[in-house]
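Input: a single structure, listed below in structure tokens.
Letters A, B, ... mirror the listed sequences (proteins, then strands); counts begin at 1.
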Amino acid sequence: MEEAPPPPDTKKAEESSTTASSRKLDPEATVPMKTEAEGESPESSSEVEDEELQDEEEKPEVAAKARQKVQASLEAGVKHPYPDWKPGEPVPYAALCKTFSLIELTTKRLEIMAHCSLFLRQVLRLTPDDLLPTVLLMINKLAPDYAGIELGIGESLIMKAIGETTGRSLAVIKQDQKEIGDLGLVAVKSRSTQPTMFKPKALTIRAVHKGLMSIATMTGNGAQGRKVDSIKKLLSAADANSSGKVDITKDKGGPSEAKYLVRFLEGKLRLGLAEKTVIVSLAQAMVAHEAAQKGKVPSTSDIEKSESILKAVYSELPSYEVIIPAMVEHGILNLREHCKLRPGVPLKPMLAKPTKAITEVLDRFEGQTFTCEYKYDGERAQIHYVAKDTGESLSQSTSSATKEVGKGVASIFSRNSEDLSKKYPDILAKLPTWVKEETKSFVLDCESVAWDVQEKKVLPFQQLMTRKKKDVKIEDVKVKVCVFAFDLLYLNGEPVVEKSLRERRELLYKSFTPVEGEFAFATAMNGQELDEIQTFLDESVKASCEGLMVKMLDGEESGYEPSKRSRNWLKIKKDYLSGIGDSLDLVVLGAYHGKGKRTSVYGAFLLACYNPGTDTYETVCNIGTGFSEAVLEELHKALSQIVIERPKPFYAHSSGGQHQPDVWFEPRYVWEVKTADLTLSPRYKAGMKEGVDPSGEKGISLRFPRFIRVRDDKKPDEATTSRQVAEMYRKQESVTKSKGPAVDDDFEY
DNA sequence: TTCGCGGCGTC
DNA sequence: CTCGGAG
DNA sequence: CTCCGAGGACGCCGCGAA
């Protein structure tokens with residue numbers, strides 16, 4: 001169907017100034033791909049005709065074919081981009097970096113996957129013990145999220161380490177970062193100006209993982225200094241075998257170890273490769289490896305089967321610590337039997353796709369039954385519980401998270417699988433009051449929402465956020481929380497994710513008892529008509545919710561399958577529908593240099609509203625989304641013309657050194673911006689003197705601001721005024737206030 | 001001991 | 001969380 | 001459609017300087 005992926009450097013007749021590296025892959029890679037592309041006929045002989053030895057002839061599904069094409073081509077020439085190391089020895093970090101570099105140089109997803117899985121195969125073949133750390137380094141992790149291991153390293157410490165390792169001043173490093181927009185490349189550049197003194201031992205994946213892990217676990221006095229020292233050690237050992245200077249404008253800096261070390265520390269590999277792709281690649285690698293051990297080539301159907309197995313298993317049991325050993329031991333095709341959903345290990349929650357109108361929802365679900373639920377404005381919470389008197393036990397891989405609760409043990413996880421058990425001891429303490437006697441084990445999908453005990457209603461998200469996060473004692477919980485449950489994934493020893501939502505919901509209602517202010521079922525409605533939905537949406541907003549979730553109710557499609565049908569739920573948020581009410585016209589006061597793919601343009605901007613009373617511009621938010629690449633180019637061109645040395649005296653902005661934009665502008669351009677909500681802000685100044693904040697210290701800012709368009713027709717002094725912003729804030733507050741009209745007095749809380 | 005700042009999580 | 005780009 | 005990586009406000013936490 002498609003042209004074979006061109007080699008990375010197919011610049012026409014660009015002389016033979018080739019880099020050795022980009023060459024390497026070409027001969028083996030392109031030749032078989034092209035020949036195969038020839039034989040394309042729109043056929044559907046469906047069945048996989050014999051795999052081995054005749055991969056030239058089969059004509060399966062088009063997509064699968066394309067995929068296998070790349071896969072096969074990379075395997076055909078057995079030659080790996082990085083030569084084999086000795087079997088059983090630790091995997092060289094350089095080998096991983098070589099793969100990273102190849103991945104980084106293409107945007108083709110099939111090619112990325114091919115590079116990735118080819119390398120994983122090599123690891124499986126030579127040093128399978130290193131598979132786990134290899135995968136972890138690929139997805140920029142050190143351990144599962146619920147382990148709570150954080151590097152505690154940011155840009156500033158990395159810059160310090162780079163400076164000290166290479167003998168360059170911090171100021172120079174900072175300057176480079178502004179221009180280059182990638183600390184990894186800054187590290188490469190810094191290093192290449194420094195002749196290598198002597199060669200330390202080459203880094204291995206194991207050693208890097210260990211080193212990073214030790215950085216992550218450092219605490220206490222002088223921890224930052226020790227972290228910097230450790231980084232310096234790693235950086236000094238990086239690229240031991242590289243020869244001299246590297247041109248960072250070429251091949252994105254090449255396979256430099258320092259570059260990827262730094263990017264790992266930043267938490268962004270920026271390869272175009274992330275977890276989803278790694279999982280698929282891992283499946284491909286595994287199935288190919290298993291076949292190779294029998295002297296075979298995997299069949300297309302086995303490849304597809306493996307991919308779907310691993311995806312499904314991962315979505316139910318997202319723990320490489322469990323999956324990888326099980327996979328190596330039992331084979332990937334048997335993985336399902338060994339890795340099932342189990343209480344104690346958080347599973348990936350199902351996510352929803354944003355929707356712009358109710359009609360869009362109706363289109364999507366045409367001919368199917370669906371259901372609507374309030375979308376609560378809180379924090380996703382996955383509650384796991386196992387009663388002691390059952391045969392089961394809460395998986396011990398999270399033992400620190402579990403808590404004794406009533407007659408069982410329980411834990412709570414966040415949307416991103418972080419352990420929230422220490423944050424919500426109050427939920428866990430009350431859990432026995434809403435779990436029915438006959439309910440012995442479960443995994444619940446819910447939203448925890450701040451709760452006003454007096455008024456018996458939900459409070460805004462900003463309130464929830466002020467809760468303590470660590471070592472919370474039930475006695476000093478200030479912000480009460482109510483759990484709103486909307487799905488059930490596991491019940492009494494059995495996963496129920498494959499049942500329809502209608503069935504799961506029935507089980508949910510049957511297994512738990514609502515307790516006011518502690519536990520409730522998400523308000524739901526099964527009406528299918530547009531006006532019913534509209535009414536329900538209005539009600540949800542009045543009840544301080546963000547809008548609605550709309551979900552398929554019956555049939556296979558309604559199963560809980562995070563990875564496969566990840567966007568099978570829809571969300572309707574009020575700010576999409578309510579039109580101009582959430583739209584502001586703001587003045588551009590400053591900008592920030594972009595990073596990564598925004599290098600060389602402004603990546604974000606500082607916006608303000610206008611205060612006609614004082615004739616000042618009061619900052620209200622930064623903005624960095626909603627721009628197309630073309631628009632960013634134009635804006636950079638236009639705005640760089642009106643850069644000024646320092647902010648105008650009539651700019652009201654935060655004085656914190658941290659919050660200053662990289663450049664300031666004349667007040668000239670007005671942009672239309674959309675927002676979901678207005679928030680009280682410690683940082684921004686908008687409407688500060690309008691009496692919105694009782695303490696008079698806070699301004700107003702925007703939640704989820706995004707760029708809509710340039711307002712050429714407006715002058716800066718025609719922008720949204722501070723008073724208007726304040727009015728919007730008051731209006732938003734009044735929607736949820738208990739008494740109907742006009743509650744605009746300033747008694748708060 | 002207190003406070004500012006950077007990191008990291010939530011949305 | 002929102003958004004745009006690539007495949 | 002899926003996946004990825006640009007970017008947002010905000011508040012707790014830990015470290016280190018004041």
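At the phosphate of C:dG7, OP1 or OP2 sits under 4.0 Å from a side-chain N or O atom of A:Lys108. Between A:Ser701 and D:dG8, a side-chain N or O to OP1/OP2 separation shorter than 4.0 Å is absent. Contact annotation: A:Asn416 does not reach the phosphate of B:dG9 (side-chain N/O to OP1 or OP2, under 4.0 Å).
With sequence neighbours excluded, no residue satisfies side-chain hydrogen bond (donor to acceptor under 3.5 Å, both in side chains) with A:Asp229. Residues meeting the salt bridge (charged side-chain N to carboxylate O under 4.0 Å, His left out) test with A:Arg467, sequence neighbours left out: A:Asp426. The side-chain hydrogen bond (donor to acceptor under 3.5 Å, both in side chains) test applied to A:Lys685 returns no partner, not counting sequence neighbours. Checked against side-chain hydrogen bond (donor to acceptor under 3.5 Å, both in side chains), A:Lys232 has the following partners two or more places apart in sequence or in another chain: A:Glu164.
The residue A:Ile708 sits apart from the nucleic acid: no heavy atom pair falls under 4.0 Å. Across all strands shown, A:Lys469 has heavy atoms under 4.0 Å from base atoms, whether or not it also approaches the sugar-phosphate. Contacts of A:Tyr684 with the nucleic acid, taken as non-hydrogen atoms under 4.0 Å apart, involve only primed sugar atoms and P, OP1 or OP2.
Taking for each of A:Glu418 and A:Ile158 the nucleotide of DNA chain B with the nearest heavy atom, the 5'-most of the two is the partner of A:Ile158. Each of A:Lys571 and A:Phe627 has a nearest nucleotide on DNA chain C; the 5'-most of these lies closest to A:Lys571.
Centroid-to-centroid, the aromatic rings of A:Trp569 and A:Tyr560 come within less than 6.0 Å.
For a distance-only test at 3.5 Å, the side chain of A:Arg109 qualifies as a donor-acceptor partner of the base of D:dT2.
Of the residues in residues 265-274 of chain A, not one comes within less than 4.0 Å of DNA chain C through any heavy atom. Using a 4.0 Å cutoff on non-hydrogen atoms, no part of residues 597-606 of chain A comes near DNA chain B.
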